Amino acid sequence: MYSLLFKSFFRTKIFLVSLILLLTVGVISILIGKQYLVKQEKTIAAAQVFQEESIKKNVEYHSEDLGLLLYYLRFTLIKKPQNINAISIGQSDVNPLLQAVTIRGLEAQKYDTDFENPSLLMSGNLDLGFVIIYLFPLVLIAMTFNLYSEEKELGTWRILAAQTSGKAKFLFKKLLVRILFVFAVLIFLMFLASAMLQIPVNANFWAIFIQSVLYVMFWSALCFWIVSFLKNSSFNALALISIWVVLTILIPALVNNYVINTYQVPEALDAMVEQRDGYHEKWDLEKGATMNEFIKEYPAYKNYPVPEDEFSWIWYYGMQYMGDFAAKNTSAEMTEKIMLRNAVSEKIALFVPTMHAQLSFNSLAGTDMVSHLTFLKSLTEFHKNLRQGFYTKIFDNKSADSVDWKNHEAKFYEVVYSFSWFKLLLPTFLITLAIGILGGLNLRKL
Amino acid sequence: MRKNVIQLLARQLWQDAFRSKVMLIASALMLCLLLFSAYSGWENYHDQNFTRDEIQDEVEESWENNPDKHPHRMAHYGSFALRLKHVLSVFDMGMENFVGNAVFLEAHKQNTVNFSEASMSTGLLRFGEVSLAMLLKVIVPLLIFYLGFATIARERENGTLKLLIGQGITRKEIVFGKWLGLWSLSLVFLSAIFLVLLFFVLIESHDSMHTDSLLRYVVLLVAYLLFFGILSAITILVSAFSATAKGALVKLLGIWLLFVIIVPKSLQAMGFYLYPTPSKIEMETAVEHDLAEIGDSHDPNDPHFKAMKDSVLRVHNVENVEDLPFNYGGFVMSQGEAMSTKIYLKHQEDLYEVYGKQNNLERYSAFVNPYTAIKNLSMAFSGTDFQSFLHFKDKAEAYRFKLAQEMNQLQMDLIPNKGKEGPNTISSDYWKEFPPFEYHFLNISDVFKNELISLLALVLWGVLSIFGLLRLSTNLKAI
């Protein structure tokens, strides 16, 4: 029975078209992922060379004045790229994967972006995640919308009905053949990606894999449900495409608009201005105004003299520190707002498999917003360690030779993943189950 | 062609449409979406501009409130430029959320425009945004296809097409009657959205902007009218050349997918693949390299700066920089600023040229994909395309340069050279005199120039549609 069904399916035009479409676009999407990884590697290599050379050059010029030298020097923190990023590039095209910062005020440097073509950002990357979320459902729809109606419209249904005992079972088998084909392509592409992009087959890979399988299951159930109404082909096509538009375009976009408008982030702009003013106004104040606050934070430096009529590095870096200090609360509020945006989106996504798939792909690939915020947090820590490491030497007016510059190559920050299988898989699973049962109930009257 | 026959056929299409559930559901859905996107677009426009305006004022106030000081301190104090949204961004968000909103303007350094909405968003932004234009660009085309796929194919399937022709109605009348019926049906959605938009344009009446906004509005209206005419023609043509209504529907859905999602996205990806861009760190390294080629202002023996000093001394006929009639430090600074800015802008221009090449692949595809034409036109005339952003960026950079150079000039004129008698600070009145950053949107004639290709493509598609319909009128098969 199955071999016959497979044979007749392989003879259809839609099978060939789907196979070619999915394989071509799938391979292209993997190549785009590859290109993305190559660009990242190139950027990192450039940053490493840049840092080494700029230290060498600047040390030559300013070897006598460490304070001045560190005014210029930039230190890079790199979010170590994982090959799995390439499956779901997510937000990592908007947010840079590395930041080069001086030990001056961090707030003004933290949000510097890389150069990206906004047209490309707008249209989004054609990564494997996109192919799975958008194209796989379309292929499923194209192959199943006339599962029953075709037989009816061609007049073959009566013959079939007379020949098979279980009509519903027959339809189910026909559907299964198509679903199995889609799964075969999905599994092939996933492992092709893993091989071509050298993604280690670890928990995150499996999580993305299983999430994809569930997602395709969800669409299969949906197609089955619509087919189970036993309407004509045009109705099915219309209904399924409408559902596709609503689920992959309208609802996520509506939620996005809602979240962006409800949780606006004027704090971003406020913090930027506060930082500048917090630093610059200190130039016009008594030096004590800066030093008292700075010493409160760093009591170890309280014995350093700060002459009122003379420039001193402790005062200068104290002022820089005060800029960040002034923007600290607003900056924290900004991060909180962005986290809130994320939390709300994730909550709504539990009920919409397309959104859930996208958000979980991103977070499993480490290309979501939260991952970037964690990176920024560790950048703050990195900056703090740098400052504290250099402060004493600068304030003691040491020369550049007192620092071992070999220890100051570009540093990597490792992404730490954690996710809950339960939260990842349950929502889509339950929705799929519910729709499948509805479809099954409908078919009982056949 | 008889006018009343065409009207009759068009009216019949309307009646059929309103009798079916599709139109009812679609209209209800469209109404909800219209209300939502109008509200969210307006709220976004208003709140964002309010915040940015407020901060721009705050920035100006703090600038003016600076006490007397050395002008170079003010050059470092710097300013901010905040990008304002055009009122038509309510209609089409375009790249609005993918480009930065604020840039810090300071001496010696070109900062990136930061805090794009995208950089503060979740991955959901990848699904797109709902705006009035998105409804017209994505949803209404689908509705046109839904409402029109059966027009001719089903009449033929049912045999009614033969009857019509038998009754003495010409093929031309059938084709144009159906086309006008479908087109006018799509205008129901178009007019609803443009009426709402007109309201927004009118109440946001800043005198000088008013005519400009209205003009942009009219262009958008005409472009969308044309676009829907083209889509209606495509629908009729596909319907006529399909054996069954189902076949027509499947083909049209395929066309929609290709036009709206697959072709634009693949071409953008391909452009990116063909023309790789450098990262920021690579460009900065290149800029630094070029600057070092010219000379190093830190090195007292650098040939470039030494030659400059010597020639300045010669011109003024003095031995030492201390004897110059102006502050030499300010002079070096202003020369350095001009030099580094020139080099930076050169590299930036190269970068944008690559972006241009990347985007051109999609831009020129407007000749095979009318959707691309309307997409680009819609963004450009709503002031939310890349060119509009670049215009802002250029203005901000020009302001930065002016600010830095003005402060350098003040230093040259008013701060005495080292060792000379005189104050090391100047009056705060100078800060108050310096004009604040004010942004004016891109001129509409420039927008026309930028979008010449899209306009041309759309007009060409219009001509092609009429031509196609005329051809169809002669060889429409009745059976």
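Letters A, B, ... are given to chains in the order of the sequence lines, protein chains preceding strands, and every chain is numbered from 1. Model, not experiment: these values are computed from the prediction.
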Pick from A:L254, A:N342, A:I251: which one has the most heavy-atom pairs with chain B under 4.5 Å? A:L254
Residue pair A:M369 / B:S119: nearest heavy atoms and the distance that separates them: CE-O, 3.3 Å
With a 4.5 Å cut-off on side-chain heavy atoms, are A:L120 and B:Y355 touching? no
Give, as side chain, backbone, both or neither, the part of B:F149 having an atom under 4.5 angstrom from any heavy atom of chain A. side chain
Which atoms form the tightest heavy-atom contact between A:I241 and B:Y146, and what is the distance? CG2-OH, 3.4 Å
Taking the side chain as C-beta and beyond, is there a heavy-atom pair between B:V138 and A:L250 under 4.5 Å? no
Top contributor to chain B interface from A:V245, A:D368, A:I32 [non-hydrogen pairs under 4.5 Å]: A:V245
Against chain B, label A:F145 side chain, backbone, both or neither, depending on which of its atoms sit under 4.5 Å from a heavy atom there. side chain
Select one option (side chain, backbone, both, neither) describing which atoms of B:V113 are under 4.5 Å from chain A's heavy atoms. backbone
Rounded to the nearest 0.5 Å, what separation is found between the OG atom of A:S119 and the CZ atom of B:R363? 8.0 Å
Check each atom of B:I25 against the heavy atoms of chain A and say whether the ones under 4.5 Å are side chain, backbone, both or neither. neither
By a 4.5 Å heavy-atom criterion (distance strictly below it), what part of A:V273 contacts chain B: side chain, backbone, both, or neither? both
Write down the atom of A:P266, the atom of B:I55, and the distance for their closest heavy-atom approach. O-CD1, 4.5 Å
Taking all non-hydrogen atoms of both residues, which atom of B:F104 and which atom of A:R276 are closest, and how far apart? CE1-CD, 3.8 Å
Pick one: which of A:N256, A:N257, A:V255, A:I249 meets side-chain contact (heavy atoms from CB on, under 4.5 Å) with B:V130? A:N257
With a 4.5 angstrom heavy-atom cut-off, could you sort out which part of A:S363 is near chain B: side chain, backbone, both or neither? neither
How about B:F115 and A:M334: do any of their side-chain heavy atoms sit closer than 4.5 Å? yes
Test item: A:D114 side-chain N/O and B:S279 main-chain N/O as donor-acceptor pair under 3.5 Å: no
Sort A:Q91 into side chain, backbone, both or neither according to what part of it lies under 4.5 angstrom from a heavy atom of chain B. both
pair B:P276-A:K39: side-chain heavy atoms closer than 4.5 Å: no
Proximal component of A:K337, with respect to chain B [non-hydrogen, under 4.5 Å]: neither
Under 4.5 Å to a heavy atom of chain B? For A:D284 that would be side chain
Does any backbone or side-chain atom of A:E53 lie under 4.5 Å from a heavy atom of chain B? Answer side chain, backbone, both or neither. neither
In the structure I gave you, are the side-chain heavy atoms of A:I28 and B:M270 within less than 4.5 Å of one another anywhere? no
Looking at side-chain heavy atoms only, is the closest gap between A:V344 and B:T122 below 4.5 Å? no
Do you know which two heavy atoms are closest between A:L126 and B:A269, and how far apart they sit? CB-CB, 4.4 Å
Measuring heavy-atom distances to chain A, does B:K69 have an atom under 4.5 Å in its side chain, in its backbone, in both, or in neither? side chain
Which of the residues B:M95, B:R73, B:E58 is involved in the greatest number of heavy-atom pairs with chain A at under 4.5 angstrom? B:R73
Contact part of B:V59 toward chain A, heavy-atom cut-off under 4.5 Å: side chain, backbone, both or neither? both
What I'd like to find out is whether the side chain of B:H76 reaches to under 4.5 Å of the side chain of A:H280, using heavy atoms alone. yes
Who wins among B:F389, B:F98, B:F145 for the most heavy-atom pairs under 4.5 Å with chain A? B:F98
Using non-hydrogen atoms only, which part of B:S116 is less than 4.5 Å away from chain A: side chain, backbone, both, or neither? side chain
Given that the side chain runs from C-beta out, which part of B:Y273 has a heavy atom under 4.5 Å from chain A: side chain, backbone, both or neither? both
Once you round to the nearest 0.5 Å, how far does CD of A:Q48 lie from CD1 of B:I281? 10.5 Å
Part of B:M93 lying under 4.5 Å from any heavy atom of chain A: side chain
Minimum heavy-atom distance between B:M120 and A:A268, given as atom pair plus value: SD-CB, 4.0 Å
Contact origin within A:Y263 toward chain B - heavy atom pairs under 4.5 Å: neither
Is it the side chain or the backbone of A:D112 that comes within 4.5 Å of chain B heavy atoms, both, or neither? both
Measuring heavy-atom distances to chain A, does B:L125 have an atom under 4.5 Å in its side chain, in its backbone, in both, or in neither? both
Segment of A:N125 engaging chain B (4.5 angstrom heavy-atom cut-off): backbone
Going by salt bridge (charged side-chain N to carboxylate O under 4.0 Å, His left out), name the pairs with one or both residues in residues 113-130 of chain B, residues two or more places apart or in two chains. A:D93-B:R126, A:R341-B:E117
Specify whether A:W244 and B:W256 have parallel, tilted or perpendicular ring planes, treating 30° as the upper limit for parallel and 60° as the lower limit for perpendicular. perpendicular
In terms of heavy-atom pairs under 4.5 Å, which option from B:A102, B:A118, B:S121 contacts chain A the most? B:S121
Are A:I133 and B:F127 packed together at the side-chain level, in the sense that at least one heavy-atom pair is separated by less than 4.5 angstrom? yes
